[in-house]
Structure formats: C-alpha cells, structure tokens
Protein chains: 2
Amino acid sequence: MPIIGDLSGKVVERLSQYRQLLLKYRYTSGPHINSSDLSRLTGATQESVRRDLMLIGCQSSNIRKGYQVQDMIDSINAVLDPYDKCRMALVGDNDAFTETLLYEYENELIRLVAIFDFEALGNGIKRGDLNRFHFGKINEGIKNLKVNLVILNVPGAFTRQTADIIVQSGVRGIVNMSPVKLDIPGVYIENINIITSIEKATFFMKWRQYV
Amino acid sequence: MPIIGDLSGKVVERLSQYRQLLLKYRYTSGPHINSSDLSRLTGATQESVRRDLMLIGCQSSNIRKGYQVQDMIDSINAVLDPYDKCRMALVGDNDAFTETLLYEYENELIRLVAIFDFEALGNGIKRGDLNRFHFGKINEGIKNLKVNLVILNVPGAFTRQTADIIVQSGVRGIVNMSPVKLDIPGVYIENINIITSIEKATFFMKWRQYV
DNA sequence: ATTCTATTGTTTATTTATTAACAGGTAAAC
DNA sequence: GTTTACCTGTTAATAAATAAACAATAGAAT
C-alpha cells in the first residue's frame, strides 16, 4: 500500500468526488456500487475508480456486486480526514458558497466557523454556530476561533494583502477564489480562477460550434 | 504551427493566465517581459511559457529583452477570442463574482449581460448594461439577450433542472460552480467544485504540517 | 570592434496520467 | 452441481505534461 501522503492531487480530487457522490446517494441507492456506475456518475474512468480504491486499500469489493458503499466512504474518510477537525472561514462573503457549505456539505470534520466581510458591523454576530466579523477583525477572529483553512473571496486588488494577514494569523491552507494567483511559502494554496474557467469554456465552446 | 483547436485545456488555461497578468501589468511594467518573469508571476515554468508562445505563433520575441507585451496580448487574443463576442449570464447570484466580472475583467469580447436570481422581482431590472431577472425568466431572458455562456451558481438540488432550462434556451457553454457534476452532450461544461478544492486543500495542508 | 551575458527556440528525458486489455474468480441462474 | 456472466485487480501500452538541458545569437558593456 502506498504512503498516503504520496497520493497525487488528481487522486485526491477524485476521492473527494467519489465521496460527495456516495454521501448523496447513500440512502437512495443499494448497499453496493460498482466501478462502472461510479465512473459514469463522477466522470472518472472505471480503471481510475478501481485503481484509486486499490490505492487507499478499500477492501470490501465483491467481485459480482461491486464495492460496499459505506466501506468505501469509510476508506475515503480515513485518507482525506485523517487528523483533527478542520475549522474553516470565508473571507469575503459569497452567499452561494455559504449556503453550500452550511446546508449541503455533509463532512463534519470540516466546519465553517466564521465569515469575515465588509458589511458585518460588530465583533462577531452569530448565526447558529457561525460567527460573522468585520474585515478588521480577521487576525483576532482567526486566532480565537482556531481557524486553519480560509476561502478567500476578495477583489483582486486586496488579495495579496488579505492573504498576508490571514497567514500571519496562523492559517496554512487557502482556497483562493480571486483572479490573482497566490504563492506563499509554507502555505498550501488552491487557486480557483473564475476568469480562466470562463475563457476556457468560451474557447472550447466556440471550437465545438464552429469546427 | 498547430491547429488552434488542438490546443489542450492546460495550454488554454495558461494562455488565459498569461493574458490576465499582462493586462494588469501592461501600464506599470516595461514594453517587454521575459519567460522567466512570466513564469514567476503565473506559476507556469519558463519552458511552458516559451513553448506555449511558440505554439500560438507569438513572433515578437527579442533574444535579449524577452517578448513584447502588447504583441503577446494580441497573439493570445487571436487564439482565445477568435470569433464573435460572448454574452455571459450569472444564474444564481454571487456578489463576489459579479464585482469581478463587472469591474476587474478587462476582456471586452466576453461581457456579463444578465443576472438571474431568486430576489429580482421584475422582468429585467437594469444596472448599467446589466439586466437582472427573476429565475422564472431564464428562458426568455437568455433568448432575448442572446446569452451563450452561463455561470451556474445554484444549490446542488437545482443544478440539473436549471442546467436543462439553460440548455433548452440555447446556451452551449456552462461554468458550473455547484457541487453536482454536469455532463450534457453537445454542451461544453467547466465544472468547478468548491468542496473538492476545500478537501484537497485540507489534505495537502495536513500532510505538509504533519509529515 | 570584441567580449560577454542573458534569453530564446528546440530537443531530449522524465514523470505522470490515461487508456486498453485480460486473467481470475465469485455469485447468480438454472 | 454446472455453467455463465460480470466485475475486480493488475499489468501493459499509450499519451500527455513537465522538467532538464543546451546550442545559437541579439544586444549590452567596454
């Protein structure tokens, strides 16, 4: 069995997607699912599904029925959420993501605990478990709530300086949604560039239509 | 020179990122930029930068100064925006993206023309060039405004049915921000899964910290 | 004018990821 | 009990992406 830390980014992405799907279908589908169905539902190939599950040591396969759904979820959990809980904050509000993270995301080991934005006035307006702070309280809020992952969603002009504050407060993981690439030594940064995605979509859409 | 339609997704992504950077730095930096600087600023390797520019036939290189910035932008424009304008809509609001697309995005060939969400009451409340409609008007609005690209940003439970309406209205390109994978024949779909990005970030962040 | 440095264009090698292929074996059907 | 069909695990082949390396040369320095 490979060392888990050696898993590539692609494998981790697929594992995350398998799990999202399995969690959604857990109660409506049967107790088993085969690599062919999982392939169709996630977009990965059958071979990738089987290889990924082998890699993480998912043992419950039944050569005729496929894999046991709950065991597969447990196996992925063991890889993706191996240590303590992850406490997450949104910096720069984004209603759509907030809804997703609060109401659709079933992973209890990764929890949204704070939102920092321009509009919040006080020092921590609560809504359930979720604290809402003004931008000025980022440092304080991150430290007090022990935030270790941030989803950064501010205008490009503020990206770098905001990221610096966040990192100074102790965060070591950032999902950067703004179209300014971040690269900070010692911090894992996942850059999501919406502009790139738009331009990619227009490019390939056009080639499909015209060629 | 290769056929432009053969460019891989990765190359297109990098071209988009080079251009974003060049547009930002156009006025503050000098008239030339070399592959080393562009590499550092975008995260691609020097070799990738040079190979990509060769691929698209960027001719203005100067063996001592680097590439001419404006010529590089023109070359990328010719590849990424080869045909008519692209008219874009947001389905499901997302303030952060709206701001980015309206005020930070310099590409005049891709224009945000409509927002569809739950809160809009009328049949097209304008804000500058931008029309805002209620969800119920998706079909009508897309057709009237000749929208051909949509950024889809609705709760997972509505993703598929909303996408179907959008496609029925004639759209052939979707940037899907919801965590439910879309796959519609004849439609180019760029799936951006925020949950996957979060889980990937937590995974690699943890491995950096603990191993 | 000459030397030297920096940068490109291109080749080659390496790594990574995807795709194909198939032997083996288990559960189901009869 | 025997046969059959199907699904996994694994290996091999292909393709794609990344990284390394370097000759050629334009322009700067002197």
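Throughout, protein chains are lettered first and strands after them, A, B, ... in sequence-line order, and every chain is numbered starting at 1.
The nucleotide whose nearest atom lies closest to any side-chain atom of B/Ser61 is, among C/dT18, D/dT8, C/dG9, C/dG9. The listed nucleotides are D/dA17, C/dG9, C/dT8; the one nearest the side chain of B/Asn34 is C/dT8.
The structure places CD1 of B/Ile151 at 5.0 Å from CE of B/Met88, a figure rounded to the nearest 0.5 Å. Distance CE/A/Met177 to OG/B/Ser197: 7.0 Å, rounded to 0.5 Å. B/Lys65 NZ to B/Ser60 OG: the interatomic distance, rounded to the nearest 0.5 Å, is 11.5 Å. Atom CD of residue B/Gln68 and atom CG of residue B/Asp74 lie 9.5 Å apart, to the nearest 0.5 angstrom.
Residue A/Asp71 contributes atom CG, which lies 14 Å from atom P of D/dT8 at whole-angstrom precision. Rounded to whole Å, the distance from CG on A/Asp52 to P on C/dT19 is 13 Å. Across the protein-nucleic acid pair, B/Met72 atom CE and C/dT7 atom P stand 13 Å apart, rounded to whole Å. The separation between A/His32 atom NE2 and D/dC6 atom P is 18 Å, rounded to whole Å. As rounded to whole Å, 16 Å separates atom P of C/dT7 from atom CD of B/Gln68. In this structure, B/Leu38 atom CG and C/dG9 atom P are separated by 13 Å, rounded to whole Å. Counting to the nearest Å, the C1' atom of C/dA6 and the CG atom of B/Asp37 are 12 Å from each other. Here the C1' atom of nucleotide D/dA16 and the CG atom of B/Leu7 are 14 Å apart, to the nearest Å.
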- Query: What one-letter contact string describes nucleotides 19-30 of chain D from 5' to 3', where B marks a base within less than 4.0 Å of any protein heavy atom, S marks contact via sugar-phosphate atoms alone, and - marks no contact?
  - Reply: SBB--BBBBS--
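In this structure, A/Phe135 has its ring center at least 6.0 angstrom away from the ring center of A/Phe116.
Side-chain contact, A/Gln168 with A/Asp164: no donor N or O sits under 3.5 Å from an acceptor N or O.
Checked against B/Ser16 for a side chain to side chain contact (heavy atoms under 4.5 Å, CB included), the options A/Thr196, A/Ile198, A/Thr202 give a single hit: A/Thr196.
Taking the six-membered ring where tryptophan is involved, the planes of A/Phe97 and B/Phe97 are perpendicular, since the angle between them exceeds 60° and thus also 30°.
With sequence neighbours excluded, the residues forming a salt bridge (charged side-chain N to carboxylate O under 4.0 Å, His left out) with A/Arg40 are A/Asp37, listed by chain and number.
Dashed line: the shortest gap from a side-chain N or O of B/Ser8 to OP1 or OP2 of D/dA17 is under 4.0 Å.
Remark: nothing in residues 179-190 of chain A comes within less than 4.0 Å of DNA chain D through any heavy atom.
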